[in-house]
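Below, chain A is the first sequence line, B the second, and so on; all start at residue 1.
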Number of protein chains: 2
Amino acid sequence: MSTFAALAEPNRRLLLEAMIDGAKPVNQLVELIGQSQPVVSKHLRILRESGLVSVERNGQQRLYSINPQPLRELDQWLQPYRQFWADRLDALEAHLNNLPEEEDR
Amino acid sequence: MSTFAALAEPNRRLLLEAMIDGAKPVNQLVELIGQSQPVVSKHLRILRESGLVSVERNGQQRLYSINPQPLRELDQWLQPYRQFWADRLDALEAHLNNLPEEEDR
DNA sequence: AAAGAGTATATCTATTTAGATATATATCTT
DNA sequence: AAGATATATATCTAAATAGATATACTCTTT
């Protein structure tokens with residue numbers, strides 16, 4: 001399944017978003033998205049097969065985490081369209097505003 | 001339909017890509033993606049309803065062009081994931097490298 | 001006004017897909 | 001080893017969707 005198709009399902013986007021702050025076991029993901037465990041496992045399988053997440057065993061749990069490569073490619077796919085919403089300086093400024101915060105130095 | 005769902009269909013992505021260099025009438029788009037006219041019109045309707053394209057009449061033709069707003073939002077959706085493939089400086093550098101070319105000044 | 005060109009819509013069908021339910025597999029605990 | 005816990009898979013069903021075909025609409029040309 002393409003990255004776009006994998007991301008087309010809202011619950012799968014929720015699952016990804018839940019992993020932004022780190023790897024999560026399935027039972028935590030089940031709670032977070034409020035769907036049955038088999039449904040969550042099925043979505044996770046699709047995310048896995050699309051390369052969007054990786055799994056790691058930890059005892060009887062499986063820890064799912066984000067695999068950034070397909071998202072990177074999505075970022076690149078967007079490239080030719082960026083000309084439509086900004087000239088060079090605006091794009092740079094927007095990018096700087098979007099960067100994660102950090103202490104002054 | 002969500003932006004993601006609209007973009008999940010390969011022919012719709014082809015249609016969008018065909019509009020990168022400017023507005024195009026339906027018959028040109030039909031040729032470019034090699035699908036029947038009704039199928040193309042259907043895909044264009046979905047792109048329209050998702051806000052990804054705009055139409056303008058020109059005599060008996062309809063000119064379709066890219067409407068960037070949803071793609072912009074997709075770009076913003078990606079933001080929290082960018083930390084996974086770069087630290088701040090790398091991200092900035094990558095962004096600068098990605099900007100459209102322009103003459104020196 | 002009639003004919004033709006460009007495009008949209010309606011309807012049908014086959015395929016895909018999300019979620020439900022039941023069950024299997026693997027690990028841990030006692 | 002038996003039970004409990006965590007997760008995956010199989011099967012079914014209802015809904016969504018892409019493409020095919022037929023037809024309607026609108027503008028232009030004659």
Which nucleotide sits closest to the side chain of [X]: [options]?
X: A/Arg45; options: D/dG19, D/dA10, C/dG19; value: D/dA10
X: A/Pro38; options: C/dA8, D/dC27, D/dA8; value: D/dA8
X: B/Val39; options: D/dA8, C/dT21, D/dG19; value: D/dG19
X: B/Ile46; options: D/dA18, C/dT27, C/dT7; value: D/dA18
X: B/Asn27; options: D/dT7, D/dA18, C/dT7; value: C/dT7
X: A/Ser36; options: C/dA20, D/dT9, C/dA10; value: C/dA20

Open item on the list: Using a heavy-atom cut-off of 4.0 Å across all strands, would you classify B/Pro25 as base, sugar-phosphate, or nothing?
Closed with: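 Here B/Pro25 touches the backbone only, sparing every base.
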Task: Any donor-acceptor pair under 3.5 Å from A/Arg13 side chain to A/Leu7 backbone - done: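 Yes, because the side chain of A/Arg13 sits within donor-acceptor range (under 3.5 Å) of the backbone of A/Leu7.
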Open item on the list: Please give me the minimum heavy-atom distance between A/Met19 and A/Leu29, naming the atom from each residue.
Closed with: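 Shortest heavy-atom contact: CE-CD1, 4.0 Å.
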Task: B/Gln37 (side chain) and C/dA8 (base): donor-acceptor pair under 3.5 Å - done: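 Checked by distance alone, the answer is yes.
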Open item on the list: Taking atom types as they are modelled, would you say the side chain of A/Gln60 forms a donor-acceptor pair with the base of D/dT5 within the 3.5 Å cutoff?
Closed with: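 Indeed there is one.
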Task: Side-chain N,O (B/His43) to OP1/OP2 (D/dT17) below 4.0 Å - done: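 For D/dT17, neither OP1 nor OP2 has a side-chain N or O of B/His43 closer than 4.0 Å.
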Side-chain donor-acceptor pairs of residues 46-61 of chain A under 3.5 Å, sequence neighbours excluded:
unit_1, atom_1, unit_2, atom_2, d
A/Arg48, NE, A/Tyr64, OH, 3.4
A/Glu49, OE2, A/Arg45, NH1, 2.7
A/Ser50, OG, A/Ile46, O, 2.8

